[in-house]
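Read the structure below first, then the notes.
Note that the structure is predicted; figures quoted are calculated from it, not measured.
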Amino acid sequence: MEIRIRGLSKYYGKKQALKNISLTIPRGMFGLLGPNGAGKTTLMKVLATLLKKQEGRIEICGIPIENAAAVRAVTGYLPQEFSLYPNMGVYEAMDYLGVLSGLGKAERKKRIPILLRKVNLQDQTKTKVKALSGGMRRRLGIAQAILHDPKVLIVDEPTAGLDPEERVRFRNLLCEIAEERVVILSTHIVGDIEATCENVAVLDHGEILYHGTVTELIRMADGNVYTATVSRKDMEKIKSAYLVTSMMTMGNNVTVRFLSESVPGIRAKKCEAGVEDAYMYLMHEKEGAGHVPEFV
Ligand SMILES: Nc1ncnc2c1ncn2[C@@H]1O[C@H](COP(=O)(O)OP(=O)(O)OP(=O)(O)O)[C@@H](O)[C@H]1O
């Protein structure tokens, strides 16, 4: 159970959105990280057979992507902008989608209550879709995406705009689903990847900057992450000298976290790298600066 992508390129007219991408995506949670416009949605839509590639080979669980009907039978997709028959009740909408995807009456009757329980909407079966909260709607989105019990679930930007509790709940749900499936999670929220994914790819300008385990990604920034407490007036200097990954202001002082490839010229403490540090490090290297700037 895996997705194999070899030499994939995708153009919108003359614009190349994906450039010669090769990836193997195994069972479990796979994170797709990248800034706006990196090509994440394009890649997901190609995998979900909603867009056609121009070059390369893709196999979804051994099925060539050209065989769109067979690929769709094993793939579920939750797009960035998800909307579902607003005036229908939750159960009714699921039932209708079940009919559309060819599930028989008995199967729908058995499967829909199980799925609604799984996504914790069992008490909202009669609630109109338009009356659900953002988090509930996204959970309903997951339920509809796995209604036909796919082997692959593709989820684009699922946690943007959710409150912290809903975000955690949603992430946990995806992890549960990934126990027996390939789940691809695209996001620019680095924390979502850190909390859930074992493997990750970082995409930028249509190219893969990194592909491997989250642990290896973090290792790239290891030894280059520092924290320091500085006065507010020194902050501008710090920001121009180092790659700052976070800052917290307390009175006149700021506790700042930054990247430096050699011992910084200010009093600072080395600290353990996280995915966010590694991601920033990677993006910065890509920008062509070659290395993280030094304090002068
Ligand atoms: N229909 C389209 N026509 C022309 N260009 C497009 C189209 N869709 C996307 N693009 C371009 O392709 C590139 C990749 O876009 P894509 O939406 O895949 O990125 P993304 O990583 O999903 O971004 P975001 O995080 O903002 O959703 C961008 O430069 C975008 O402007």
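With sequence neighbours excluded, no residue satisfies salt bridge (Lys or Arg N to Asp or Glu O under 4.0 Å) with Asp156. Partners of Glu198 under the salt bridge (Lys or Arg N to Asp or Glu O under 4.0 Å) rule, at least two apart in sequence or in another chain, do not exist in this structure.
Ion pairing between a basic and an acidic side chain is recognised when a charged N comes within 4.0 Å of a carboxylate O; Glu92 and Lys128 show no such pairing. A salt bridge between Asp149 and Arg181 is present, with a side-chain N of the basic residue lying under 4.0 Å from a carboxylate O of the acidic one.
Lys105 contributes no side-chain N or O that, together with a main-chain N or O of Val99, makes up a donor-acceptor pair within less than 3.5 Å. In terms of modelled atom types and a separation under 3.5 Å, the side chain of Tyr226 and the main chain of Ser260 share no donor-acceptor contact. Side chain of Arg232 to main chain of Gly251: a donor-acceptor pair is present (N/O by atom type, distance under 3.5 Å, no hydrogens or angles). Put simply, the side chain of Thr255 never gets that close to the backbone of Thr229: no donor and acceptor are under 3.5 Å apart. Side-chain atoms of Arg257 never come within 3.5 Å of backbone atoms of Ser246 as a donor-acceptor pair (strictly under, hydrogens ignored). A donor-acceptor pair is defined here as one N or O able to donate and one able to accept, closer than 3.5 Å; such a pair exists between the side chain of Arg108 and the backbone of Leu103. Asn253 places no side-chain N or O within 3.5 Å of a backbone atom of Met250 that could act as its donor or acceptor partner.
A donor-acceptor contact closer than 3.5 angstrom links the side chains of Glu261 and Tyr281. Between the side chains of Arg6 and Thr24, a donor-acceptor pair is found at a separation under 3.5 Å. No hydrogens or angles considered: a donor-acceptor pair under 3.5 Å links the side chains of Arg72 and Thr49.
Other residues, nucleotides and ligands place no more than 12 heavy atoms under 6.0 Å from the OH atom of Tyr96. In the displayed structure, Lys118 atom NZ is contacted under 6.0 Å by more than 12 heavy atoms of other residues, nucleotides or ligands. No more than 12 heavy atoms of other residues, nucleotides or ligands sit less than 6.0 Å from atom NE2 of His205. Applying the 6.0 Å contact sphere to NZ of Lys19 captures more than 12 heavy atoms from other residues, nucleotides or ligands.
One finds the CG atom of Leu8 at 8.5 Å from the CG atom of Asn20 (value rounded to the nearest 0.5 Å). In this structure, the separation between CG on Leu43 and CG on Leu32 is 5.5 Å, given to the nearest 0.5 Å. Atom CG of Leu116 sits about 9.5 Å away from atom CD of Gln124, to the nearest 0.5 Å.
Nearest heavy atoms, Gly39 versus Leu203: C-CD2, 3.5 Å. Listed here is the closest heavy atom pair of Val71 and Ile65: CG2-CA, 3.9 Å.
A cation-pi arrangement is present between Lys10 and Tyr12 under the rule of less than 6.0 angstrom and at most 45 degrees off the ring axis.
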Open item on the list: Set out, in order, the CA-CA distance, both residues' side-chain angles and the distance that settles salt bridge (Lys or Arg N to Asp or Glu O under 4.0 Å) for Glu107 and Lys110, then state yes or no.
Closed with: CA-CA 5 Å; Glu107 205 175 345; Lys110 186 171 144 219; over 6 Å; no
